[in-house]
2 protein chains.
Amino acid sequence: MSNETWGAIATWRMAHNGVKKASQILQSKGSAGDAVEELIKMVEAYPYYKSVGYGGLPNENGVVEMDAAFMDGDTLAQGAVAGIHNVFHAVSVARALSHEHYNSFRVGEGATQYAQLNGFEMRNMLTERAKKRWEKRRAEIADAKVKPYDGHDTVGAITLTPTGSMAAATSTSGLFMKRPGRVGDSPLSGSGFYVDSEIGGAAATGLGEDIMKGCLSYEIVRLMGTDRTPQQACDEAVYPFIEKLQRRYGQAGEFSLIAMDHAGHWGVATNVEFTFSVATTHQAPVILMAHPGPNQTTTIEPITQEWLDAYEKRIKAPIE
Amino acid sequence: MSNETWGAIATWRMAHNGVKKASQILQSKGSAGDAVEELIKMVEAYPYYKSVGYGGLPNENGVVEMDAAFMDGDTLAQGAVAGIHNVFHAVSVARALSHEHYNSFRVGEGATQYAQLNGFEMRNMLTERAKKRWEKRRAEIADAKVKPYDGHDTVGAITLTPTGSMAAATSTSGLFMKRPGRVGDSPLSGSGFYVDSEIGGAAATGLGEDIMKGCLSYEIVRLMGTDRTPQQACDEAVYPFIEKLQRRYGQAGEFSLIAMDHAGHWGVATNVEFTFSVATTHQAPVILMAHPGPNQTTTIEPITQEWLDAYEKRIKAPIE
């Protein structure tokens, strides 16, 4: 399977520094698993990203409950956690679980206990800033000014080594103001992530409740296994499914998918403005922006400095 | 989509009375959702079935933690719970959640809270008999006589109305002696279950950790959507995946899948001795037995009275 191409792709602008770090790991002959875990950990650790890890927004009770998953594309081994709390790096717990044949998906208190028992760093994940946002939103909901749910920006990533190994991982604090124990697609095989080193990998972000109705990550990987390019696979899996959801379920939430095949080619599809970061042997780390294009295609363009400046300002703006 | 054929299929001999009840509901113009929920509830309520609902075997701490899911094949709406406890009918909680667009998959304490708040019957699910089995197993493990894990017999079912509506549901107390919060495939879309009324449905039982590596229920439904019969779809999804797992992961757990298409045709595939129950317009409720056959096919034969007698004796034998 060796093709001497390495690659990393991840959801949202927030993953860019992680993609850079993953690139360094992959160029220094690190494993696909190490690269994807370190990528996700950078996003989990950064307090200004409000949908993942430290600084992530809490559930309706003020608790930051996190979901994460890890998959090894060589062996298909998976580990996942859902509704875990007080754990600094949920993705690392998921990766540790992927080495277990039994009990590799743990939820709630059992997941948190596993992390404690196995020496993972515990931390109060509710930052002062996230708490302020939560208090503000509670007041707004009480005033009936806003609907409780928005913001569900999972970091999902795929990595590829020059020797043809692949891995996938996801991490999220889930829907802001979610009900306790709510789980989205991120820790669910085939919905939030899937990777097979002989084909490629995919990962999702968006309204998990709708993504899991279509098992979109599995479907994209399957399509890449039938001679579609990653971009064709993304377009073909995502846009007809959105139409199907609208027709059958009456509505479709916002979601975006990324994919990379075992040769380092990549693709994305989305029904909203969607930023992502990618780097390969042939592409220096770059942030790009995608929109739904005409006739079930995806339009991809460079990010502007103006957008990046506004983003930086927005994520650090005082909470008033 | 109307074809005037109704049908119900479910995993294991334990589902037979549920299949009979579902048949009555479907013949009296009941909905696919009512039929599949009542089918599963009969299994959940019967104390001698040790892998589902009341009488189900507990986790390593002696707590009966249950997973369940419900999917409406007309709308693709899904609801699921994992690691829920003290709830008599987990499948009914899952079905109620399928009416929510947000927060439709709940785990752990959050799932149990939801059931309490919404008036579902709470019950101590640990029977005296299950407690005895747990105490016995703990002693055996302490003596290193047995491996902790075996027994993971999920009830999964698919129903079809004469008007072409379909539904799927699952319920399980999971792996005996599991770690707290362990979740298998049963509540996971595409792995434990999937149904699309325009195509058909599938459900799984067995080692969830391996089933979710292949998203087998989704794959079977997808294949039925490409002109395969349900039996062809089951064979084609399951047997090559078992070989793939052995080649890539080094081993494959035990698992069995059932499927029914929108015309009421059905199929199964398995890598172990597997009983199931089925009824359609053209087939009175019957228990059948499946084995893996030659060349990636499935051998299906009638159950013998001898087998049924031994089963009845086994499930009610004193725990010594």
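Computed from heavy atoms alone, side chains included, the values below leave out hydrogens, waters and symmetry copies. Order of the sequence lines sets the chain letters (A, B, ...), proteins ahead of strands, with each chain counted from 1.
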TODO: Pick one of side chain, backbone, both or neither for A:Asp210, based on which atoms fall under 4.5 Å of a heavy atom in chain B.
DONE: side chain

- [ ] Using a cut-off of under 4.5 Å on heavy-atom pairs, state which of B:Asn59, B:Asn61, B:Leu76 scores highest against chain A.
- [x] B:Leu76

TODO: Examine A:Lys213 relative to A:Tyr249 and say whether NZ or CZ is less than 6.0 Å from the centre of the six-membered ring and inside a 45° cone about the ring axis.
DONE: yes

Task: Heavy-atom pairs under 4.5 Å with chain A, option from B:Lys244, B:Gln113, B:Glu219 with the top count - done: B:Glu219

Open item on the list: For chain B, which candidate among A:Ser189, A:Ala111, A:Gly108 shows the most heavy-atom pairs at distances under 4.5 Å?
Closed with: A:Ser189

Task: Partner chain B: residue of A:Gln251, A:His101, A:Glu209, A:Lys178 with the largest heavy-atom pair count (under 4.5 Å) - done: A:His101

Open item on the list: Less than 4.5 Å to any heavy atom of chain B: does that hold for the side chain of A:Asp74, its backbone, both, or neither?
Closed with: backbone

TODO: Check for a donor-acceptor pair, side chain of B:Ser197 on one end and backbone N or O of B:Gly73 on the other, with a separation under 3.5 Å.
DONE: yes

Task: Beyond-backbone contact of B:Met166 with B:His262, side-chain heavy atoms, under 4.5 angstrom - done: yes

Open item on the list: So for A:Leu188, is it side chain, backbone, both, or neither that comes closer than 4.5 Å to the heavy atoms of chain B?
Closed with: side chain

Open item on the list: Given heavy-atom pairs under 4.5 angstrom as the criterion, report whether the side chain, backbone, both or neither of A:Glu109 touches chain B.
Closed with: neither

- [ ] Consider only side-chain N and O atoms of A:Ser98 and A:Gln78, and report whether a donor and an acceptor are under 3.5 Å apart.
- [x] no

Open item on the list: Let's test your reading of the structure: which of B:Val107, B:Leu97, B:Asn103 forms the most heavy-atom pairs below 4.5 Å with chain A?
Closed with: B:Asn103

Task: Side chain / backbone / both / neither for A:Tyr114 at chain B, heavy atoms under 4.5 Å - done: neither

Task: Min side-chain heavy-atom separation A:Leu126-A:Val63 under 4.5 Å - done: no

Open item on the list: Shorter than 4.5 Å, heavy atoms on both sides: which option in A:Arg247, A:Arg222, A:Met212 has the most such pairs with chain B?
Closed with: A:Arg222

Open item on the list: Using only atom types and a distance under 3.5 Å, with no angle test, would you say the side chain of A:Thr161 pairs donor to acceptor with the backbone of A:Thr163?
Closed with: yes

Task: Portion of A:Glu65 that has a non-hydrogen atom of chain B nearer than 4.5 angstrom - done: neither

Task: Distance, nearest 0.5 Å, that separates OG1 of B:Thr154 from CD1 of B:Ile211 - done: 7.0 Å

Open item on the list: Between B:Ser104, B:Ala82, B:Gly250, B:Ala80, who has the most heavy-atom pairs with chain A when the cutoff is under 4.5 Å?
Closed with: B:Ser104

TODO: Please determine, among A:Gly110, A:Gly181, A:Ser191, the option with the most heavy-atom pairs under 4.5 Å with chain B.
DONE: A:Gly181

Open item on the list: Within this structure, what is the OH-CG distance for the pair B:Tyr194 and B:Leu216, rounded to the nearest 0.5 Å?
Closed with: 15.0 Å

Open item on the list: Are A:Thr75 and B:Arg248 packed together at the side-chain level, in the sense that at least one heavy-atom pair is separated by less than 4.5 angstrom?
Closed with: no

Open item on the list: Other residues, nucleotides and ligands only: do more than 12 of their heavy atoms fall within 6.0 Å of CZ on A:Arg179?
Closed with: no

Task: Option that, when pairs with chain B are counted at under 4.5 Å, heavy atom only, ranks first among A:Asp72, A:Leu245, A:Asp196 - done: A:Asp196

